[in-house]
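Inspection log for the structure reproduced underneath, given as structure tokens.
Worth knowing before you read on, the calculation uses all heavy atoms, side chains too, and leaves out hydrogens, waters and symmetry mates. Values in this document were obtained by computation on a predicted structure and should not be read as measured data.
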Amino acid sequence: MKITRRSTMASFAAAAIILSTGTAFAQSKARIAALSFGESGEYMKAWSSEIQSHPAVKDGSVAVTIFDGKYDPLIQANQIDTAITQKFDAIIMSPFDLQASAPAIDKAVAAGIPVIVSALKTASKNYTASIIVNDTEGGRIIGEQLGKLLPNGGNVVLMEGPIGQSAQIERKAGIDAGLAKFPKLKLIASKSGNWSRAEGQSLMENWLLAHPGQINAVLAENDEMALGAIEAMKSAKVDFKSVPVLAIDGIPDGKRAVQKGEMTVTLYKYARAEGQGAVDLALHAVKGDSYKPRSEVWNSLMEWKGGSQKDYTVPWLILDSSNVAKYM
């Protein structure tokens, strides 16, 4: 078969048409960078999973890349740089550090990439939208729940999140406010367990030795640390009915601990709302007001207001022995 210059040029033209069509198709799919502050934590893994389960991700109309921040604000800042360089259409970020996250977010927004803040707050004022629980309210709730459990007062120990993170700051403020309503409760020890089950166990072991027979309740700013405390209490043969443990997040192991009577209360933090809701906010930022949210969280938990509302608050749910089975 003789190949002429004309047929060769025609083949190149056809290939160019196919290539440009493929490129246009690829570009029509929104690309979202989801920056988890740390995938080693169970809540963040649930958050990432919920993002990947969003209807628009599952049907292939959106491509999501999960970035693991590894509990390091510098890593998250570098990931923002990567998202800018690779020209992602939007960024969803769960900032590990309130203050350190601000310059990176400002940089992304200045580059024309909308940033949706989810699960944790940032000091930046330039983010596009946010979807977060009210952590101060969460702390207040478990503080007041403890006051109702111990009307005659007692000694309390508190496990905090990483110092400087928005959830640590606000949950501590809420707990302080809740405990202040019950002056017979005395906070005798408070320290960061960095959201870690292992560190929670170590903290509790130390406190049981330092305050033998004197601890009447345990508050933890997340379930992971509370679960570590529970292991230490089991080893020390502490009676969970006499020393209640209250925490926040409602992760599966936390709910199981409530069901078994080892944890008295956990607050359920909706990973689906903070994850899938953030995807809808990102797509709205990319596509404009014509975009209609696709996650069911808007029907069951929150009212969608599109671009007319910047900050969305996800409600808490108190889980105890009376209702936890419904949410297992």
Chi angles and distances behind the side-chain contact (heavy atoms from CB on, under 4.5 Å) call for Ile230, Phe240: CA-CA 9 Å; Ile230 286 168; Phe240 294 108; 3.7 Å; yes

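- The shortest side-chain heavy-atom distance between Phe37 and Tyr71 falls under the 4.5 Å cut-off.
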Could you walk me through whether Met93 and Gln79 pass the side-chain contact (heavy atoms from CB on, under 4.5 Å) test, one step at a time? CA-CA 10 Å; Met93 184 181 191; Gln79 290 168 345; over 6 Å; no

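- Leu281 has its side chain out of reach of Thr128: every pair of non-hydrogen atoms, C-beta onward, lies at least 4.5 Å apart.
- Two residues are said to be in side-chain contact when any heavy atoms from C-beta on lie closer than 4.5 Å; Glu170 and Ile132 fail this criterion.
- Here the side chain of Ser61 pairs a donor or acceptor atom with the backbone of Ala56 at under 3.5 angstrom.
- The line from CG of Leu185 to CD of Glu144 is 11.5 Å long, rounded to the nearest 0.5 Å.
- Relative to the six-membered ring of Tyr127, Lys310 meets both conditions, a distance below 6.0 Å and an angle of at most 45° to the axis.
- Lys269 places none of its side-chain heavy atoms less than 4.5 Å from the side chain of Val314.
- Under the ring-ring contact (aromatic ring centres under 6.0 Å, His included) criterion, Phe88 pairs with no residue, sequence neighbours left out.
- A continuous path of Ile, Leu, Val, Met, Phe, Trp and Tyr side chains, each step under 4.5 Å between heavy atoms, connects Met233 with Leu149, placing both in one hydrophobic cluster.
- For Ser190 and Glu160, the side-chain atoms include at least one donor-acceptor pair closer than 3.5 Å.
- A distance of 11.5 Å separates CG in Leu158 from CG in Leu246, rounded to the nearest 0.5 Å.
- Under a hydrophobic-cluster definition in which Ile, Leu, Val, Met, Phe, Trp and Tyr are linked whenever side-chain heavy atoms come within less than 4.5 Å, directly or via other members, Tyr43 and Leu301 are assigned to the same cluster.
- Checked by atom type and distance alone, the side chain of Ser166 pairs as donor or acceptor with a backbone atom of Lys121 at under 3.5 Å.
- Going from atom CG of Asp280 over to atom NZ of Lys292 covers 12.0 Å, rounded to the nearest 0.5 Å.
- With respect to Asp249 and Arg171, a salt bridge is recorded, a charged nitrogen being found less than 4.0 Å from a carboxylate O.
- Remark: the backbone N or O of Lys326 is not paired with any side-chain donor or acceptor of Asn323 at under 3.5 angstrom.
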Residue pair His54, Val62: steps toward the side-chain contact (heavy atoms from CB on, under 4.5 Å) verdict: CA-CA 9 Å; His54 187 279; Val62 175; over 6 Å; no

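- Under a 3.5 Å cut-off, the side chain of Tyr268 and the backbone N or O of Val324 do not form any donor-acceptor pair.
- Under the side chain to side chain donor-acceptor pair (under 3.5 Å) criterion, Ser94 pairs with no residue at all, not counting sequence neighbours.
- Checked by atom type and distance alone, the side chain of Ser48 pairs as donor or acceptor with a backbone atom of Met44 at under 3.5 Å.
- Within a 6.0 Å sphere centred on NZ of Lys191, other residues, nucleotides and ligands contribute 12 heavy atoms or fewer.
- The two residues Lys29 and Gly60 make their nearest non-hydrogen contact at CE-O, 2.8 Å.
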Where do Lys172 and Glu221 land on the side-chain contact (heavy atoms from CB on, under 4.5 Å) test, with the steps shown first? CA-CA 8 Å; Lys172 176 64 164 60; Glu221 291 182 354; 3.6 Å; yes

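- Under the 4.5 Å side-chain heavy-atom criterion for grouping Ile, Leu, Val, Met, Phe, Trp and Tyr, Leu219 is not connected to Ile163 through any hydrophobic cluster.
- Under the 4.0 Å criterion applied to side-chain N and carboxylate O atoms, Arg197 and Glu224 are assigned as salt-bridge partners.
- Note that CZ of Phe67 is 11.5 Å distant from CG of Asn78, once rounded to the nearest 0.5 Å.
- Under the 4.5 Å side-chain criterion, counting only non-hydrogen atoms from C-beta, Asp97 is in contact with Gln99.
- One hydrophobic cluster holds both Ile318 and Ile251 under the rule that ILVMFWY side chains link at heavy-atom gaps under 4.5 Å.
- Residues Ile32 and Leu283 have side chains in contact (heavy-atom distance under 4.5 Å, counting atoms from C-beta outward).
- A pairwise comparison of heavy atoms in Val238 and Leu208 identifies CG2-CD2, 4.2 Å as the closest pair.
- Salt bridge annotation for Arg140-Glu137: present, with a cationic side-chain nitrogen under 4.0 angstrom from a carboxylate oxygen.
- Side-chain N/O atoms of Asp320 and Ser322 include a donor and acceptor closer than 3.5 Å.
- Here the side chain of Gln165 pairs a donor or acceptor atom with the backbone of Phe96 at under 3.5 angstrom.
- We find the OG-NZ distance between Ser124 and Lys107 to be 14.0 Å, quoted to the nearest 0.5 Å.
- Ala273 and Met302 get closest at one heavy-atom pair: CB-CE, 4.1 Å.
- Here the closest heavy-atom approach between residue Val243 and residue Ala217 is recorded as CG1-N, 3.7 Å.
- Remark: the backbone N or O of Val133 is paired with a side-chain donor or acceptor of Glu274 at under 3.5 angstrom.
- Annotation: side chain of His211 is not in contact with side chain of Asn155 (no heavy-atom distance under 4.5 Å).
- A side-chain donor from one of Glu296 and Ser300 sits under 3.5 Å from a side-chain acceptor of the other.
- Within a 6.0 Å sphere centred on NZ of Lys255, heavy atoms belonging to other residues, nucleotides or ligands number more than 12.
- Residues Ile80 and Ala104 come closest through the heavy atom pair CG2-O, 3.3 Å.
- Contact annotation: the side chain of Gln276 approaches that of Pro55 to within less than 4.5 Å [non-hydrogen atoms, C-beta and beyond].
- Ser192 and Gln168 share no side-chain donor-acceptor pair at under 3.5 Å.
- Linking ILVMFWY side-chain heavy atoms closer than 4.5 Å, directly or via other members, places Ile248 and Leu187 in a single hydrophobic cluster.
- In terms of modelled atom types and a separation under 3.5 Å, the side chain of Asp72 and the main chain of Leu74 share a donor-acceptor contact.
- For Gly307 against His284, the heavy-atom pair with the smallest separation is N-CE1, 3.1 Å.
- Residues passing the side chain to side chain donor-acceptor pair (under 3.5 Å) test with Lys58: none are found, sequence neighbours excluded.
- Ring planes of Trp304 and Trp298: perpendicular class, angle over 60° (limits at 30 and 60°).
- For the atom pair CH2 of Trp316 and CD1 of Ile142, the computed distance is 9.0 Å after rounding to the nearest 0.5 Å.
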